[in-house]
There are 2 protein chains.
Amino acid sequence: MVTIYDVAKLAGVSAATVSRVVNGRSSVDAGLAARVQQAMAELDYRPNAVARNLRRQKTSIWAVIISDIGNPFFTSLVRGVEDVGQAAGYSVVLCNSDEDPAKEARYVAAALAEQMAGVIISSTGKAANLSRLVDAGTPVVAIDREVRAAAVDTVLVDNAHGADLATSHLAEQGYRRIACITGPRRLPTAQRRLQGYRAALTAYRLEPDDNLVRYGDYREEGGYQAMASILDSGAAPDAVFAANNLMTVGALECLVDRGITVPAQMGVVGFDDIPWAHLVRPSLSTVVQPTYELGRTAALLLVERIAEPTRPLSTVTLRTELKIRDSSAPREQRFR
Amino acid sequence: MVTIYDVAKLAGVSAATVSRVVNGRSSVDAGLAARVQQAMAELDYRPNAVARNLRRQKTSIWAVIISDIGNPFFTSLVRGVEDVGQAAGYSVVLCNSDEDPAKEARYVAAALAEQMAGVIISSTGKAANLSRLVDAGTPVVAIDREVRAAAVDTVLVDNAHGADLATSHLAEQGYRRIACITGPRRLPTAQRRLQGYRAALTAYRLEPDDNLVRYGDYREEGGYQAMASILDSGAAPDAVFAANNLMTVGALECLVDRGITVPAQMGVVGFDDIPWAHLVRPSLSTVVQPTYELGRTAALLLVERIAEPTRPLSTVTLRTELKIRDSSAPREQRFR
DNA sequence: GACCCGTGGTCACCATCTACGACGTCGCCA
DNA sequence: TGGCGACGTCGTAGATGGTGACCACGGGTC
C-alpha cells in the first residue's frame, strides 16, 4: 500500500505537506503542491480512508437501513437518497434488515462501529436501535416509519389520509362491505392506515366489522393469507383495501385462486404502487407515494442535521395521491 | 466515545487484556475476564471498528456493487449473498452503480479506500475498475457479467443456452418471425443471449433478419423503444424474445399501447423472471434464473478466495430454466 | 536448579491529520 | 539601513483506538 510517507519522500517534503495538498485545507506553495501532485500520480497514491476516518473520527459514508430489499418501494427511495448524498460528497450504502430487529441491530452496530457519517433508517420498530445511534451522536433520519420513543428527524407520508382516500374512493364507487388488510400491529404505518380506513367508514356511515380487518406482514404471503382468512370468515366483503403493495399482490393472487373476479366481484385498492401496476389485469388502483421525494427529503434533512447537530427536530410529511385504475371500477354500473 | 482504555482502567487491567477478552484470541484468567466483561457492560463499550480495521489492515464488510437496484433480479441475489456473508461473520452493504461506469468507479474507489474485506460486483463492463481491486489484493467475485480482461472468480448463468431455450420454444410453438431485443452491445450477457437466439433460429431453419434485432438498455424504457422500432421497421414479427425482465415489461407496454394482443398477435418470452409475472395478463413466459443461488454461490467463492488468495480462478455457470406461461401459447391453435 | 507454560503488561505500529512552533521573507518605521 | 513585527509556509510531534509481538514474572515440574 502506498502511504502518505512514500509520496512525501518522493516529493521531498513532509507528510504533513502532502496531507495539506490532498485536503486543500491549508495553503501550500504552488511549486511544492505541483511536485506533490506529480508524486501522487506517479505512485498512484490513494489516501487510506480507514486511517483518515480514525483520525477525523468520522467517515464519509451514509448507511441506508431498509426493511425489505424486495419491496420496490425502497428502490426509488434509495435513488433519492443517493442523488442528494453523492452531490454532498457522501457514498451511500444499503443495508437490508428484512424486517428482522436482530438484523437491524447488527447493521446499527456496524454503522456505529464504522462511524458512519449518517444513517437513514426505515425501522422495524425497535426504538432502542435508533436511540443507540442518537446517543452516540450519529446523525439519523427515520424514514417511512416514525419511532416515537426516539428523538430523530423523520420523513413520513400522510398514511391515514392516504388510507382514507383509498377507502372513501371505494365507498364512493358503491362498495359497502370494505375489508382492510393492514400491516404488523407494531408498525405505526399499519396503525395509521387502519385509522384512515376506519375514518372513511365512519364518514360514509358504513358499519365497521372486525371480521373485515386483518393484520398482515407487509409481504405477499401475508396478503394472501389475510385475504383467504377474510373470505373464509364469512364476512362477505365486496371490496378490499390492502395497506401495502406486496400484500395487495398477495390478496390478488388469492382472489385469482378462488376464482373471484376483480372488480366485478371484489373491488381492490392498494397502498403504495407496484411497478407494472398497469400491466396487471385488471390494472390496480393504488395510493401512490412520492418515493423518490421521500428519499430526497430524508437525505436533505440528514445533510442539515450533520451541519447543525443541535437544530430542533423536524418531521416532514409528504402527500400521497390516489391513482384510480380498473380494480376499483364503480360497483353501480354492474349491480344497481 | 468509550475506548478500550476506559474499560481497562475500570477493570484494573491493561488495554491489551481487554483486547484479548474482546477477541478471545489468547487465554485470559476467568476472573479477570469476568471483571472486564462487567466493565464493558457498565460502560456500554463498543469496539471502534475503524481503529481495528486500521490496525488489522482489513475490515469485516463486503460490498456488493450492483448495476440497477430497480431490477428485482438483484434483490434475491443480494439475499443469497447476505445469508452466506452473515454466517461467515461479514456485514454486507449494497452499492448501486445504476449502469454508470463513473458511479461504479466511485464505489470501487470507496471499497478500496475503506479496505473492504471483499467485493461482489455486477460490472458495467469497465475492466479497469475490477483490475484496480484485484491489483490492490481485494478479493473480488464477478457476478452475472463476466469481465474477460480481469482475473477474477466469476458466477454466471448459461445465457446463450437460456436464450436458445426461449427462442426454440417460440419456434416450436409455431412462431416464424421471431424478434430479439437484447441488451447493450458492451455487455457480455447481451451478446450471449443474442448468440443463443441466433443459434435457435439456425436450428429451426428460420431466416435471420437484422430488422428483427435491437439493442436495448436493459430498462423498461429501452424495451418500449426497441419494440416500437421493430414494429415501425415493417419487419412484421409474430413473436419477440426480450433479453431481460425490465425490457420485457417495456415491450409489453408498447404492445398494449399499439393494441397488439399477446399471444394471439405476438408471442412473448422474456429472460429473467419478474415478480408477479403470473398476475400480468397474459401471464409471462420467461427464462428463470436461479438468482438466490447466484448470490449464494458468489458469496461462497468469495469466502474461499479470502481464505486462500492464491487459489486458481474459477468460473461457475448455473442453469437457467424456461417457465412456460400464457404469453407464448401455441400459434397453430389459432392460425393453422 | 533449569525449564516450561500460563498470564498479563509494555510498546511499537497501523496511516492520517493538525496544533504548534520555527524559519524566512517582506514591509514598515525609525 | 537596520530592526522588528507580521504573515505565509512547512516540519515536528503527538493524537486517534486497537492489536499483537515480545518480554517479564511466577509457579509448577522434572
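So that the names make sense, note that chain A is the first sequence line, chain B the second, and so on, each numbered from 1.
At D/dG11, one or more side-chain N or O atoms of A/Thr17 fall inside 4.0 Å of OP1 or OP2 (strictly under the cut-off).
Not counting sequence neighbours, the partners of B/Arg311 by the salt bridge (Lys or Arg N to Asp or Glu O under 4.0 Å) test are B/Glu304. Partners of B/Ser26 under the side-chain contact (heavy atoms from CB on, under 4.5 Å) rule, at least two apart in sequence or in another chain, are B/Arg20. A search for side-chain hydrogen bond (donor to acceptor under 3.5 Å, both in side chains) contacts involving B/Tyr5 returns nothing, not counting sequence neighbours. Checked against side-chain contact (heavy atoms from CB on, under 4.5 Å), B/Gln37 has the following partners two or more places apart in sequence or in another chain: B/Val21, B/Met40. Partners of B/Ala190 by side-chain contact (heavy atoms from CB on, under 4.5 Å), not counting sequence neighbours, listed by chain and number: B/Thr182, B/Leu187, B/Tyr218.
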Name the atoms and distances for all side-chain donor-acceptor pairs under 3.5 Å in residues 83-92 of chain B, with sequence neighbours left out.
unit_1  : atom_1 : unit_2   : atom_2 : d
B/Asp83 : OD2    : B/Tyr292 : OH     : 2.6
B/Gln86 : OE1    : A/Arg106 : NE     : 3.1
B/Gln86 : OE1    : A/Arg106 : NH1    : 3.2
B/Gln86 : NE2    : A/Tyr107 : OH     : 3.2

Extract all donor-acceptor atom pairs below 3.5 Å that involve side chains of residues 127-135 of chain B and protein atoms in other chains or at least two apart in sequence.
unit_1   : atom_1 : unit_2   : atom_2 : d
B/Asn129 : ND2    : B/Glu104 : OE2    : 2.9
B/Ser131 : OG     : B/Ala127 : O      : 3.1

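Following rounding to the nearest Å, B/Asn53 (CG) and C/dT16 (P) show an atom-to-atom distance of 15 Å. Atom pair A/Asp6:CG and C/dT16:C1' shows a separation of 13 Å (rounding to whole Å applied). As rounded to whole Å, 17 Å separates atom C1' of C/dT16 from atom NZ of A/Lys9.
Computed from C1' positions of five pairs at each end, the angle between the two local axes of the helix from C/dG1-D/dC30 to C/dA30-D/dT1 equals 60°, rounded to 10 degrees.
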Protein and nucleotides 7-9 of chain D: nitrogen or oxygen contacts under 3.5 angstrom:
unit_1 : atom_1 : unit_2  : atom_2 : d
D/dT9  : OP2    : A/Ser27 : OG     : 2.5

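Applying the ring-ring contact (aromatic ring centres under 6.0 Å, His included) test to pairs two or more places apart or on separate chains, none has a residue in residues 11-50 of chain A. Under the salt bridge (charged side-chain N to carboxylate O under 4.0 Å, His left out) criterion, the residue pairs touching residues 67-81 of chain A are A/Asp68-B/Arg79, A/Arg79-B/Asp68, A/Arg79-B/Asp98, with sequence neighbours excluded.
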Report summary line: Scoring nucleotides 16-21 of chain D by protein non-hydrogen atoms under 4.0 Å (B base, S sugar-phosphate only, - none) yields BBBBB-

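A donor-acceptor pair shorter than 3.5 Å cannot be found between the side chains of A/Asn53 and A/Glu114.
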